[in-house]
Amino acid sequence: LMNAPILVASAAVVAAAAWCNPAQAASSQQWFLQTAALSHHFEPTRAPGREWNETHAGLGLERRDINPDSAWQVRWTGGVLRDSRSFWGGYGGAAYMRQWRPSGQVEASLGVGAFAFYRAVDWSGRRQWMPALLPTASIGAANGSFGVNIVYVPRFGKSDGSATPPTLCGQFVFGFR
């Protein structure tokens, strides 16, 4: 996961998100408090007596740069979260998201995010920074009061059994002004 092509692609997404946001000067900003997350690991651990943490305590902030004349928005995020091995770690990044409002009550978004995670890479708690380019989605109230950010994380790590399996993670967000 940590190699030059991922770093270059991640930098490209962040740069594109910052540069391509239409009419940035006319954009409004919406802020969200990120709280706990739930996840599902698609395989059990291979470590005897260990289970994946699937209820992640955490706290973070998200800023959405919104242009009312465009369906595209940039989202900036950062915070701390208890990771899949139950160690505290950090995250930060940017996502470029396409938004839909299928009804007046609900909004949904799909996009790609460039993130950096500081997380445990083994059960001893050894941590390292890990860049990632990941598919992202969200669903929430159209008024921006609450929602869920969803990210899919493919398998990463060594093939010696210490790898983290494919994981789906949803983090709860609450809008404030």
Side-chain angles (χ1 to χ4, degrees), residues 1-18 32-47 50-64 72-99 107-140 146-174:
L1 185 65
M2 194 161 182
N3 56 38
I6 294 283
L7 287 172
V8 170
S10 296
V13 168
V14 171
F32 287 81
L33 179 68
Q34 298 174 320
T35 62
L38 299 174
S39 66
H40 175 73
H41 297 77
F42 290 95
E43 298 170 8
T45 71
R46 294 187 185 171
R50 303 279 188 162
E51 292 185 16
W52 297 118
N53 174 30
E54 294 191 332
T55 55
H56 309 271
L59 196 60
L61 284 176
E62 175 182 323
R63 187 186 86 193
R64 296 180 185 178
W72 291 91
Q73 60 182 237
V74 178
R75 298 181 181 188
W76 306 93
T77 183
V80 294
L81 195 69
R82 192 173 286 276
D83 68 19
S84 294
R85 290 183 173 89
S86 295
F87 293 99
W88 285 99
Y91 62 91
Y96 199 52
M97 306 284 287
R98 168 68 163 89
Q99 184 178 43
E107 68 181 23
S109 300
L110 290 173
V112 62
F115 303 99
F117 300 97
Y118 184 69
R119 57 163 314 204
V121 293
D122 58 30
W123 291 100
S124 71
R126 185 174 57 87
R127 294 174 184 81
Q128 71 182 41
W129 282 102
M130 304 178 79
L133 192 60
L134 301 172
T136 60
S138 70
I139 188 164
F146 66 92
V148 178
N149 290 340
I150 302 162
V151 64
Y152 173 76
V153 181
R155 173 186 316 283
F156 68 91
K158 299 177 183 176
S159 59
D160 64 359
S162 66
T164 301
T167 306
L168 193 61
C169 184
Q171 186 174 30
F172 301 99
V173 296
F174 299 90

- Note on the structure: Nearest heavy-atom contact between F87 and S124 is CZ-C, 3.9 Å

- Item | Pairwise side-chain contact, C169 with E54, heavy-atom cut-off 4.5 Å (strictly under) | no

- Task: Give a yes or no on whether the backbone of L134 and the side-chain of T136 come within a donor-acceptor separation of less than 3.5 Å.
- Result: no

- Sequence-distant partners of R82, side chain to side chain contact (heavy atoms under 4.5 Å, CB included), two or more places apart: N53, S86, W88

- Task: Considering non-hydrogen atoms only, spot the tightest contact between V148 and V173 and give its length.
- Result: N-CG2, 4.3 Å

- Which word best sums up how the rings of F115 and F117 line up, parallel for under 30°, tilted for 30 to 60°, or perpendicular for over 60°? tilted

- Message: Would you say that more than 12 heavy atoms from the other residues, nucleotides or ligands in this model lie under 6.0 Å from the CD of E51, or not?
- Response: no

- Note on the structure: For R85 and D122, the nearest pair of non-hydrogen atoms, with its separation, is CD-O, 3.2 Å

- Message: side chain to side chain contact (heavy atoms under 4.5 Å, CB included) for F32 and T77? Distances and angles first, verdict last.
- Response: CA-CA 9 Å; F32 287 81; T77 183; over 6 Å; no

- Message: How long is the straight-line distance from NE2 of H40 back to OH of Y152, given to the nearest 0.5 Å?
- Response: 10.5 Å

- Item | Spacing of CD belonging to Q34 relative to CG belonging to L61, to within rounding of 0.5 Å | 7.0 Å

- Query: Got a sec, which residues hit ring pair (Phe, Tyr, Trp, His ring centres under 6.0 Å) with F172, two or more places apart in sequence or on another chain?
  - Reply: none

- A37 versus L81, closest heavy-atom pair with distance: CB-CD1, 4.4 Å

- Residue that, paired with S109, satisfies side-chain hydrogen bond (donor to acceptor under 3.5 Å, both in side chains) out of R75, Q73, R64: R75

- Task: Applying ring pair (Phe, Tyr, Trp, His ring centres under 6.0 Å), name anything that partners H41, two or more places apart in sequence or on another chain.
- Result: W52

- If every non-hydrogen atom of L110 is compared with every non-hydrogen atom of A137, which pair is closest and at what distance? CD2-CB, 3.6 Å

- Which residues satisfy the side chain to side chain contact (heavy atoms under 4.5 Å, CB included) test with R98, sequence neighbours excluded? A71, W72, W100

- Report the residues that fulfil side chain to side chain donor-acceptor pair (under 3.5 Å) with R50, sequence neighbours left out, ordered by chain and then residue number. none

- Note on the structure: In terms of heavy-atom contacts, R155 and A163 come closest through CG-CB, 4.4 Å

- Can you check whether A36's main-chain N or O pairs, donor with acceptor, with Q171's side chain at less than 3.5 Å? no

- Note on the structure: Sequence neighbours excluded, the answer for ring pair (Phe, Tyr, Trp, His ring centres under 6.0 Å) partners of Y91 is none

- Has the side chain of R127 got a donor or acceptor atom that lies under 3.5 Å from a matching backbone atom of G125? yes

- Query: Distance from S39 atom OG to L168 atom CG, nearest 0.5 Å?
  - Reply: 8.5 Å

